[in-house]
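These figures come from a predicted structure and were not determined experimentally.
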Protein chains: 2
Amino acid sequence: MPQHLIRKLEQFTRLCHEDRCALVETANQRPRLYGAHQDIIREGDTPEHVNLILDGWACRYKTLENGRRQIISFFMPGDLCDPHIFVLREMDHSIGAITPVRFAEISRAAMMRLTDRHPRVTRALWWETLVTAAIQREWTVNLGQRTALERLAHLLCELFIRLRAVGLTDGDSCLLPVTQVDLGDATGLSNVHVNRVLQELRAAGQIALKGKRLTIPDLEALQDVALFNPNYLHLDREGRHLDANQTVEHTPG
Amino acid sequence: MPQHLIRKLEQFTRLCHEDRCALVETANQRPRLYGAHQDIIREGDTPEHVNLILDGWACRYKTLENGRRQIISFFMPGDLCDPHIFVLREMDHSIGAITPVRFAEISRAAMMRLTDRHPRVTRALWWETLVTAAIQREWTVNLGQRTALERLAHLLCELFIRLRAVGLTDGDSCLLPVTQVDLGDATGLSNVHVNRVLQELRAAGQIALKGKRLTIPDLEALQDVALFNPNYLHLDREGRHLDANQTVEHTPG
DNA sequence: CGGAAGATTGACGGGCGTCAACCATCGTGG
DNA sequence: CCACGATGGTTGACGCCCGTCAATCTTCCG
């Protein structure tokens, strides 16, 4: 069940029953289960499917000749890996499982069937693609301009809010199943420094992080630390004029 | 005349006469001319057009509350600013002119007319969009994992190859109309350090940079310095099976 | 219970930022 | 044609943020 994807797309616009059924049907084909640290797709491969994450976390990454690794983005449940990838002949990066991952392999034909018949879903997938691009741009800002403290705080804010958008938070806490090495590879920091900065955030009461559970007692405070502006996530139902149930645009005054 | 865009799209697939005419017609509407350092669109604005750069350079950027600026990407002639932006309600970043810029404002209707009638162009614009995303990912890697020297060398390699793809290089040199402050804002380095690294590259004979002219006597050598792998630019006519003149897929022999 | 993966700590050093001064270049107007 | 101011480039001094290395501790899982 792609409930996380549906929930995410409904951050953009409300879907009708048929839209949801089509998504369920599309996501039920070709289920896959990969173990932690396995590669789902490798740089140089020919893209054959769109992968829809159903459970677990994965990441895009690149490894340089000198062995250093950069995590380019995180995938969580509800995320689609490259919905329009078929135009390219060859992957320029790898996608690997962080935790055990359950995902659906969606064929090109199934994607076309879905989008041909469900224009509202098509628009919502467009929105998803554009938000993904916006996240990538924000990572550029994060790596280029923020200090280690701001950078990690920013990443934690983003991940928490994205998890909340797919229904995977529990009050002010969520599961964060990544190692400090992963956080370092994503933020361009060494694992040692990640450790120190996390302790600093803990000492300041900005976060609690124990086991794989992250708690953010005061999200606004953490956003202030991070210079975090959530506008790039475009989460305020921007496509409400497309709502399946014909919501009236203006609010009564 | 959008000759740079046409030339770029033909890195992906060859276009027919009608395709090119449609592009010319689309680009001839609503010409604009902005001075250096003027904003073309600001964070918070509602996107109304797709901007096609005809002459000059621009950039995407964000400014943080603390005043620091990150250049998120460079736009050069032939580049489209956000071909699918209409799905979003509000810009999450700004676009500013670096040099005086001549560009075409393409309306939503004009974009739809173009893509409805010219599927080969549509595919090529898709490819352009995906390459733009790939560039953004590579910038993430650049900022996260490369040293200042590698980082600047990588940026120069990328810009040179992109300029070459639109016909704006002259042998081993090109115009690079950006200041060292701009290079710093794009690479997350201070202008002072940019200056030192450029001198290091000059001293090693890897580049010549005088006035606004960049010369790269040995591009492969600079790529080695930069840990540069051009695969993310997807420039080897990946859509050749769509060629307007029906090129046969296999090569003889 | 044992081994591996992950987290933590300390010592040390270097890459790169900051500050501040000075030089070079260029467009503009008198 | 040159003066001049603004913008951009260059240099040096200084120091801190964060990387590296290496040891140790904790957690987890079979």
- Item | Presence of N195(A) side-chain N/O under 4.0 Å of dA7(C) phosphate oxygens OP1/OP2 | no
For residues 161-181 of chain A, tabulate all N or O donor-acceptor pairs below 3.5 Å that involve a side-chain atom, not counting sequence neighbours.
from    : atom 1 : to      : atom 2 : distance (Å)
R162(A) : NH1    : E158(A) : OE2    : 3.0
R162(A) : NH2    : F74(A)  : O      : 2.9
R162(A) : NH2    : D79(A)  : OD2    : 3.0
S173(A) : OG     : D170(A) : O      : 3.4
S173(A) : OG     : R213(A) : NH1    : 2.6
T179(A) : OG1    : V181(A) : N      : 3.3
T179(A) : OG1    : D182(A) : N      : 3.0
T179(A) : OG1    : D182(A) : OD2    : 3.2
Q180(A) : OE1    : N195(A) : ND2    : 2.9

- Item | Side chains of T215(A) and K210(A) in contact at under 4.5 Å (non-hydrogen atoms) |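 Not touching, per the 4.5 Å side-chain cut-off.
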- Item | Check: I216(A) and L219(A) side chains under 4.5 Å, non-hydrogen atoms | yes
- Query: Hey, is R68(B) close enough to E150(A) for a salt bridge, meaning N to O under 4.0 Å?
  - Reply: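 Result for this pair is no, no salt bridge flagged.
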So which protein N/O to nucleotides 13-20 of chain C N/O distances come out below 3.5 Å?
from    : atom 1 : to      : atom 2 : distance (Å)
dC16(C) : OP1    : A148(B) : N      : 3.1
dC16(C) : OP2    : H193(B) : NE2    : 3.4
dG17(C) : OP1    : G188(B) : O      : 3.3
dG17(C) : OP1    : S190(B) : N      : 3.2
dG17(C) : OP2    : S190(B) : N      : 3.2
dG17(C) : OP2    : S190(B) : OG     : 2.9

- For I98(A) and dA5(C), what is the distance between atoms CD1 and C1' respectively, to the nearest whole Å?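 Nearest whole value for this atom pair: 16 Å.
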- Euclidean distance, atom CG of residue L176(A) to atom C1' of dG6(C) [Å, nearest integer]: 14 Å
- Message: List the residues meeting ring pair (Phe, Tyr, Trp, His ring centres under 6.0 Å) with F228(B), not counting sequence neighbours, and say none if there are none.
- Response: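 F228(B) satisfies ring pair (Phe, Tyr, Trp, His ring centres under 6.0 Å) with H154(B), Y232(B) once adjacent residues are dropped.
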- With sequence neighbours left out, write down each residue that passes ring pair (Phe, Tyr, Trp, His ring centres under 6.0 Å) with H84(A), or none if nothing qualifies.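 So H84(A) forms a ring pair (Phe, Tyr, Trp, His ring centres under 6.0 Å) with W126(A), W126(B).
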Return all side-chain donor-acceptor pairs below 3.5 angstrom for residues 51-58 of chain A, not counting sequence neighbours, or 'none' if the list is empty.
from   : atom 1 : to      : atom 2 : distance (Å)
D55(A) : OD2    : R102(A) : NE     : 3.2
D55(A) : OD2    : R102(A) : NH2    : 2.7

Which atom pairs, one a donor and one an acceptor, fall under 3.5 Å between side chains of residues 41-48 of chain A and the rest of the protein, sequence neighbours left out?
from   : atom 1 : to      : atom 2 : distance (Å)
R42(A) : NE     : D39(A)  : OD2    : 2.9
E43(A) : OE2    : N231(B) : ND2    : 2.9
D45(A) : OD2    : R42(A)  : N      : 2.9

- Message: Considering only residues two or more places apart or on different chains, which pairs with a residue in residues 183-208 of chain B satisfy salt bridge (Lys or Arg N to Asp or Glu O under 4.0 Å)?
- Response: R69(B)-D185(B)
- Task: Please find the earliest and latest nucleotides of DNA chain D, in the 5' to 3' direction, that have an atom within less than 4.0 Å of any heavy atom of chain A.
- Result: dC18(D) to dT27(D)
- Message: Just to be sure I understand the geometry, which residues of residues 198-216 of chain A put a non-hydrogen atom under 4.0 Å away from DNA chain D?
- Response: K210(A)
- Query: Side-chain donor-acceptor pair under 3.5 Å between Q136(B) and T140(A), yes or no?
  - Reply: yes
- Message: Holding to salt bridge (charged side-chain N to carboxylate O under 4.0 Å, His left out), I want the full list of residues that pass it with D224(B), two or more places apart in sequence or in another chain.
- Response: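 Listed in chain order: nothing, the list is empty.
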- With sequence neighbours left out, write down each residue that passes side chain to side chain contact (heavy atoms under 4.5 Å, CB included) with N28(A), or none if nothing qualifies.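 With neighbours one apart ignored, the set is V24(A).
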- Query: If an axis is fit to five pairs at each end of the helix from dC1(C)-dG30(D) to dG30(C)-dC1(D), what is the angle between the two, to the nearest 10°?
  - Reply: 50°
- State whether the side chain of Q145(B) and the backbone N or O of N142(B) hold a donor-acceptor pair below 3.5 Å, judged by distance alone.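 Checking the backbone N and O of N142(B) against the side chain of Q145(B), no donor-acceptor pair under 3.5 Å is found.
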